[in-house]
Amino acid sequence: QVHLVESGGGLVQPGGSLRLSCAASGRSISGYAMAWFRQAPGKERAVVAAISWSSGSTDYAESVKGRFTSSRDIAKNTVYLQMNSLKPEETGVYYCASKRGAGVAYTRDWYDYWGQGTQVAVSS
């Protein structure tokens with residue numbers, strides 16, 4: 001079992017920045033892939049960023065490329081999502097997820113473990 005806990009959400013003005021963290025505990029995630037999903041009000045949960053734990057390689061939704069960066073700290077068993085130049089439409093609950101196997105995936109069905117989510121509100 002993998003336990004994921006997100007933190008770092010909050011209220012930010014348009015154009016502002018936030019850094020989300022996802023701390024993993026339980027079994028080793030060394031061979032796992034991780035991802036960040038966003039669920040906006042009334043919408044489906046969609047991937048924002050994905051990262052391979054072993055290689056650190058990342059991929060992003062087209063809409064956030066150049067503004068969001070995902071990284072991991074192996075020693076801390078933590079994944080981060082740095083979000084810059086935030087837009088109001090990026091308001092939602094952000095979830096961290098992990099899947100067995102190093103390859104990243106882009107739909108929620110592939111992911112085995114989920115955090116409880118952290119709320120991000122982008123508003124003036």
Side-chain angles (χ1 to χ4, degrees):
Q1 190 79 2
V2 175
H3 186 54
L4 303 173
V5 178
E6 303 97 333
S7 61
L11 174 64
V12 63
Q13 291 188 340
S17 297
L18 281 175
R19 188 175 84 152
L20 307 183
S21 300
C22 172
S25 61
R27 66 183 303 166
S28 171
I29 57 171
S30 61
Y32 281 45
M34 310 290 292
W36 289 96
F37 284 76
R38 176 175 65 232
Q39 187 159 20
K43 295 191 176 181
E44 294 290 320
R45 197 173 297 186
V47 68
V48 173
I51 181 167
S52 173
W53 186 261
S54 56
S55 69
S57 62
T58 54
D59 202 1
Y60 302 92
E62 198 63 37
S63 63
V64 307
K65 283 182 179 177
R67 297 185 297 117
F68 288 18
T69 303
S70 186
S71 60
R72 89 267 196 249
D73 185 326
I74 294 174
K76 295 183 177 180
N77 241 25
T78 299
V79 173
Y80 302 99
L81 182 66
Q82 176 67 43
M83 305 186 294
N84 299 328
S85 302
L86 281 159
K87 304 175 181 180
E89 56 265 36
E90 291 169 333
T91 292
V93 179
Y94 284 70
Y95 296 91
C96 175
S98 65
K99 61 173 286 290
R100 300 178 188 89
V104 299
Y106 303 97
T107 57
R108 60 182 298 179
D109 291 347
W110 284 96
Y111 287 84
D112 305 295
Y113 303 102
W114 293 84
Q116 82 288 351
T118 185
Q119 177 72 50
V120 171
V122 185
S123 175
S124 54

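All figures in this text were calculated on a predicted structure; none of them were measured in a lab.
Summarising the hydrophobic clusters (Ile, Leu, Val, Met, Phe, Trp, Tyr; side-chain heavy atoms under 4.5 Å, direct or chained), the residues clustered with Val5 are none.
Heavy atoms only, all atoms of each residue included: Ile29 and Ala24 are closest at CD1-CB, 3.6 Å. Considering every non-hydrogen atom in both Ala49 and Tyr60, the closest pair reads CB-CD2, 3.6 Å. Of all the heavy atoms in Tyr111 and Trp114, the pair that sits closest is O-NE1, 3.6 Å. A pairwise comparison of heavy atoms in Val64 and Val48 identifies CG2-O, 3.6 Å as the closest pair. Residues Ser70 and Thr58 share a closest heavy-atom pair of O-CG2, 3.5 Å.
Applying the disulfide bond (SG atoms under 2.5 Å apart) test to pairs two or more places apart or on separate chains, none has a residue in residues 27-81. Annotation: salt bridge (Lys or Arg N to Asp or Glu O under 4.0 Å) contacts involving residues 67-89, sequence neighbours excluded, comprise Arg67-Glu90. For residues 28-82, the set of pairs meeting the disulfide bond (SG atoms under 2.5 Å apart) definition, not counting sequence neighbours, is empty. Listed by first and then second residue, the salt bridge (Lys or Arg N to Asp or Glu O under 4.0 Å) pairs that reach into residues 94-104 are Arg100-Asp112, sequence neighbours excluded.
Atom CD of residue Glu6 and atom OH of residue Tyr80 lie 14.0 Å apart, to the nearest 0.5 angstrom. Note: Leu4 CG to Cys96 SG = 4.5 Å, rounded to the nearest 0.5 Å.
With sequence neighbours excluded, no residue forms a side-chain contact (heavy atoms from CB on, under 4.5 Å) with Ala46. With sequence neighbours excluded, the residues that form a side-chain hydrogen bond (donor to acceptor under 3.5 Å, both in side chains) with Ser52 are Ser54, Ser55. Taking the side-chain hydrogen bond (donor to acceptor under 3.5 Å, both in side chains) definition, one finds that Glu62 meets it with Lys65, sequence neighbours left out. Shown here are the ring-ring contact (aromatic ring centres under 6.0 Å, His included) partners of Trp53, two or more places apart in sequence or in another chain: there are none.
In this structure, Gln1 contributes its side chain and Gly26 its backbone to no donor-acceptor pair below 3.5 Å. Looking only at distances, no side-chain donor or acceptor of Tyr106 sits under 3.5 Å from a matching main-chain atom of Asp59.
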Sequence neighbours left out, cut at 3.5 Å: what donor-acceptor pairs do the side chains of residues 9-23 make with other protein atoms?
residue: Ser17; atom: OG; partner: Asn84; partner atom: OD1; Å: 2.9

Return all side-chain donor-acceptor pairs below 3.5 angstrom for residues 32-40, not counting sequence neighbours, or 'none' if the list is empty.
residue: Arg38; atom: NH1; partner: Tyr94; partner atom: OH; Å: 3.0
residue: Gln39; atom: OE1; partner: Arg45; partner atom: NE; Å: 3.1
residue: Gln39; atom: OE1; partner: Arg45; partner atom: NH2; Å: 3.2
residue: Gln39; atom: NE2; partner: Lys43; partner atom: O; Å: 3.2

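The shortest distance between side-chain heavy atoms of Ile51 and Val79 falls below 4.5 Å. Side-chain contact between Trp110 and Val47: absent, with no pair of heavy atoms (C-beta onward) separated by less than 4.5 Å.
Annotation: Glu44, atom CD; neighbour count of heavy atoms from other residues, nucleotides and ligands within 6.0 Å does not exceed 12.
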